[in-house]
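The structure appears right after this line, and notes come after that.
Computed from a prediction, not measured in an experiment: that's the story for all the values here.
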Amino acid sequence: MAAQTGDRVQVGGGSPLSTQGKASWCKSQGVGTYLKTAKDVRYKGRTARLRTEAHWDEKALGAAWDVAKGDRVTVWRTKKTYEMHEKHRYIKNPSGGKRGCHDTANWYEANVMDHIQTSAVRLRKNGTHSHAVRVCVTTNRGKTKCQPKWFVDGKR
């Protein structure tokens, strides 16, 4: 499990071998440090994690480990933004629609890297409002598990 390096990971560009969800709201990860921001999702031997940018806090992405070919990780973002409090918070049932970016594990990612990662979604709208985000993992048999609560960034 060499891809998992604790709570911090350096990213850049993404894997050219990935099948990314390339909708207009799916953005490049850029280059920077992403931090773990919520409790991991563990399902059928897979582990999925939500990460947000450490410095600018403008983007969030999803990552998964212990994956099999055909597994998918999705980072979901609400269309609606929420007022940011001093610290981050979690909400259970956000209103409005949602958008997602996903990555599906190919043979190399499943058998060599044992890791997949999504494109990034925009987290903050400005200094006072943030989209709510969460991560889900879907097995190659179509079973899905998501974080029960959505993460809303804080001003700090």
Side-chain angles (χ1 to χ4, degrees), residues 3-43 46-67 71-105 109 113 115-139 142-156:
Q4 190 169 359
T5 59
D7 290 345
R8 292 178 176 262
V9 63
Q10 294 289 97
V11 299
S15 169
L17 302 171
S18 301
T19 305
Q20 292 281 350
K22 290 292 186 189
S24 62
W25 53 85
C26 297
K27 305 295 182 195
S28 166
Q29 300 162 352
V31 178
T33 302
Y34 282 73
L35 302 173
K36 174 183 173 180
T37 56
K39 187 175 180 180
D40 292 347
V41 175
R42 298 187 197 291
Y43 186 61
R46 286 84 166 162
T47 302
R49 179 174 290 171
L50 178 67
R51 291 190 161 137
T52 60
E53 277 185 309
H55 186 67
W56 300 110
D57 262 350
E58 290 182 0
K59 298 177 185 175
L61 57 84
W65 291 270
D66 302 322
V67 294
D71 286 354
R72 183 173 64 202
V73 63
T74 306
V75 60
W76 289 102
R77 183 199 90 175
T78 58
K79 290 182 182 178
K80 178 182 174 183
T81 59
Y82 296 86
E83 186 174 350
M84 292 168 31
H85 295 237
E86 284 303 310
K87 294 184 77 177
H88 67 267
R89 62 191 170 114
Y90 298 92
I91 58 175
K92 194 159 187 142
N93 297 310
S95 59
K98 61 184 180 179
R99 297 176 168 157
C101 298
H102 69 271
D103 187 11
T104 302
E109 290 166 321
M113 295 174 55
H115 174 261
I116 53 177
Q117 191 162 273
T118 67
S119 295
V121 293
R122 186 165 198 75
L123 179 61
R124 286 190 178 190
K125 180 176 181 182
N126 54 39
T128 61
H129 286 79
S130 172
H131 295 278
V133 292
R134 76 172 177 178
V135 69
C136 300
V137 62
T138 304
T139 68
K143 303 291 184 183
T144 301
K145 184 169 183 182
C146 299
Q147 291 171 320
K149 295 183 181 178
W150 295 68
F151 174 84
V152 179
D153 201 14
K155 292 180 182 177
R156 296 195 264 171

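Checked for salt-bridge contact, Asp66 and Arg46 miss the test: no charged N lies under 4.0 Å from a carboxylate O.
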Quiz prompt | Criterion side-chain hydrogen bond (donor to acceptor under 3.5 Å, both in side chains) on Lys59 and Thr52, from CA distance to verdict | solution = CA-CA 6 Å; Lys59 298 177 185 175; Thr52 60; over 6 Å; no

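With rounding to the nearest 0.5 Å, the separation of CZ in Arg49 from CH2 in Trp65 is 4.5 Å. Rounding to the nearest 0.5 angstrom, the gap separating the OG1 atom in Thr74 from the CG atom in Asp103 is 9.0 Å. Taken from CG in Asp71 to OG1 in Thr104, the straight-line distance is 9.0 Å, to the nearest 0.5 Å. Going from atom CG of Leu123 over to atom OG1 of Thr37 covers 8.0 Å, rounded to the nearest 0.5 Å. The line from CD1 of Ile91 to CZ of Arg134 is 10.5 Å long, rounded to the nearest 0.5 Å.
Closest approach of Val121 to Cys101, counting heavy atoms only: CG1-SG, 3.4 Å. Of all heavy-atom pairs between Pro94 and Thr78, the closest is CB-CG2, 3.6 Å. In terms of heavy atoms, Ala60 sits closest to Leu50 at CB-CD1, 4.4 Å. The two residues Ser119 and Cys26 have their closest heavy-atom pair at CB-CB, 4.0 Å. When all heavy atoms of Met84 and Lys155 are compared, the closest pair comes out as O-CE, 3.4 Å. Between Tyr43 and Val137 the shortest heavy-atom distance is CB-CG1, 4.1 Å.
Residues Ser130 and Tyr82 are not in side-chain contact: their nearest non-hydrogen atoms beyond the backbone lie 4.5 Å or more apart. Proximity of His88 to Val152: side-chain heavy atoms (C-beta onward) are nowhere separated by under 4.5 Å. Two residues are said to be in side-chain contact when any heavy atoms from C-beta on lie closer than 4.5 Å; Arg51 and Leu61 meet this criterion. By the 4.5 Å heavy-atom criterion applied to side chains, Arg77 and Arg122 are counted as neighbours.
Tested against Asp153 for a side-chain hydrogen bond (donor to acceptor under 3.5 Å, both in side chains), the candidates His131, Arg124, Lys87 yield a single pass: Arg124.
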Distance-only check: which donor-acceptor pairs under 3.5 Å involve side-chain atoms of residues 143-150, not counting sequence neighbours?
from, atom 1, to, atom 2, distance (Å)
Thr144, OG1, Thr138, OG1, 2.9
Gln147, OE1, Val135, N, 3.0
Gln147, NE2, Lys39, O, 3.0

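No more than 12 heavy-atom neighbours from other residues, nucleotides or ligands sit within 6.0 angstrom of NZ on Lys125.
Not one N or O on the side chain of Glu83 forms a donor-acceptor pair closer than 3.5 Å with the backbone of His129.
Taking Lys79 as the reference, Arg99 meet the side-chain contact (heavy atoms from CB on, under 4.5 Å) condition, with sequence neighbours excluded.
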